[in-house]
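Below is one structure; the comments refer to it alone.
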2 protein chains.
Amino acid sequence: MNSAKKARLEAAGWKVGTVAEFLELNKQEAAFVEMKLALARCLHALRIRRKLSQSRVAELVGSSQSRVAKMESGDPSVSVDLLLRSVLAIGGSPTEVVRALASRKKLTPA
Amino acid sequence: MNSAKKARLEAAGWKVGTVAEFLELNKQEAAFVEMKLALARCLHALRIRRKLSQSRVAELVGSSQSRVAKMESGDPSVSVDLLLRSVLAIGGSPTEVVRALASRKKLTPA
DNA sequence: ACAAGCTATGTCAAATATGACATATACGCA
DNA sequence: TGCGTATATGTCATATTTGACATAGCTTGT
């Protein structure tokens with residue numbers, strides 16, 4: 001790609017890089033999301049096992065029911081920090097967290 | 001504790017709860033910090049192994065040298081999200097992350 | 001049908017995390 | 001000594017995350 005085309009694309013809001021870079025970035029992002037989803041599932045499973053409502057979890061965590069729902073659904077507005085704190089707050093052990101992360105599922109291609 | 005004293009303490013900015021609650025909270029917080037520190041050590045070790053400077057890591061992560069330094073030192077202003085993304089960004093595998101979390105050290109009492 | 005409880009989704013002001021920057025310290029080398 | 005490189009630490013404007021709230025859907029029981 002010549003630099004004029006690169007400049008045009010970037011002016012239009014595109015990042016320009018190699019295909020390899022793109023794939024690598026996606027791989028990292030996928031791994032990150034997978035881990036987040038693993039924590040989300042962990043939280044949900046633990047909550048069900050303990051027979052707690054989302055509202056009750058919210059109390060224990062110091063948050064709100066709506067945010068707990070977003071946590072369990074893997075909403076992008078939820079941080080790993082909050083997920084981690086929440087799992088611990090309802091009695092999840094670090095060991096359980098590690099197990100959840102270790103057994104994370106691969107995201108299937110669309 | 002009678003409710004008058006409780007009210008007085010809370011007015012002065014103190015949370016009132018049981019000792020058990022206090023200990024439990026500290027346990028959760030300790031577990032959380034331990035995991036964060038485990039990731040910080042993981043990032044540092046991986047960076048050294050790859051012979052990268054903090055500045056180079058900053059480029060790969062899309063951050064700055066100073067933030068990378070804070071990450072490795074376990075600075076409280078750094079999120080688990082950023083630590084996780086960073087480890088992955090410099091080529092750490094999810095497996096390595098899990099291993100790091102699994103081998104987290106206990107914080108020793110002061 | 002209604003009521004009560006649980007969960008999902010959207011919005012928003014306030015709280016927190018962030019990159020960028022300046023600057024300090026330390027180390028090796030010419 | 002000075003110079004370049006690497007790392008640490010503080011600050012700050014901005015970007016992202018947060019709890020709170022409203023509200024809707026969905027069950028279950030009466």
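Computed from a predicted model, the values in this text were never measured in an experiment. Letters A, B, ... mirror the listed sequences (proteins, then strands); counts begin at 1.
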At under 4.0 Å between heavy atoms, what does [X] touch on the DNA or RNA strands: base, sugar-phosphate, or nothing?
X	answer
A/Val68	nothing
B/Ser66	base
A/Arg47	sugar-phosphate
A/Ser53	sugar-phosphate

message = Membership question, hydrophobic clusters at under 4.5 Å side-chain separation (ILVMFWY): are A/Ile90 and A/Leu83 in the same one?
response =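 Looking at the clustering, A/Ile90 is in the same group as A/Leu83.
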request  = Look at the side-chain heavy atoms of Ile, Leu, Val, Met, Phe, Trp and Tyr, link any pair under 4.5 Å apart, and say whether A/Val87 and B/Leu37 land in one connected group.
outcome  =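 No.
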inquiry  = Using a strict threshold of under 4.0 Å (side-chain N to carboxylate O), is an ion pair present between A/Arg49 and A/Glu96?
reply    = yes
ask   = So, A/Glu72 and A/Arg41, do they make that salt bridge, N to O below 4.0 Å?
value =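 Salt bridge flag = no for A/Arg41 with A/Glu72.
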What's the [atom1]-[atom2] distance between [X] and [N], to the nearest Å?
X	N	atom1	atom2	value
B/Leu84	D/dT17	CG	P	14 Å
A/Leu83	D/dT18	CG	C1'	13 Å
B/Arg67	D/dA8	CZ	P	14 Å
B/Arg85	D/dA15	CZ	P	17 Å
B/Leu43	D/dA8	CG	C1'	15 Å
A/Lys70	D/dT17	NZ	P	13 Å
B/Gln54	D/dA6	CD	P	10 Å
A/Leu82	D/dT16	CG	P	18 Å

inquiry  = How long is the straight-line distance from CZ of B/Arg85 back to CG of B/Leu60, given to the nearest 0.5 Å?
reply    = 15.0 Å
ask   = Out of curiosity, B/Ser53 OG to B/Glu59 CD, how far, rounded to the nearest 0.5 Å?
value = 7.5 Å
inquiry  = Taking donor-acceptor contacts at under 3.5 Å, does the side chain of B/Gln65 reach the base of D/dA8?
reply    = yes
query = More 5' along DNA chain D: A/Ser63 or B/Leu52, using each one's nearest nucleotide?
reply = B/Leu52
inquiry  = Donor-acceptor check, side chain of A/Asp81 to backbone of B/Ser79, threshold 3.5 angstrom: yes or no?
reply    =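 No: the side chain of A/Asp81 does not pair with the backbone of B/Ser79.
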query = Contact boundaries of DNA chain C with chain B (under 4.0 Å, heavy atoms), 5' to 3'?
reply = C/dA17 to C/dC21
task = Just compare D/dT11, D/dT18, D/dA8 and give me whichever is closest to any side-chain atom of B/Glu72.
result = D/dA8
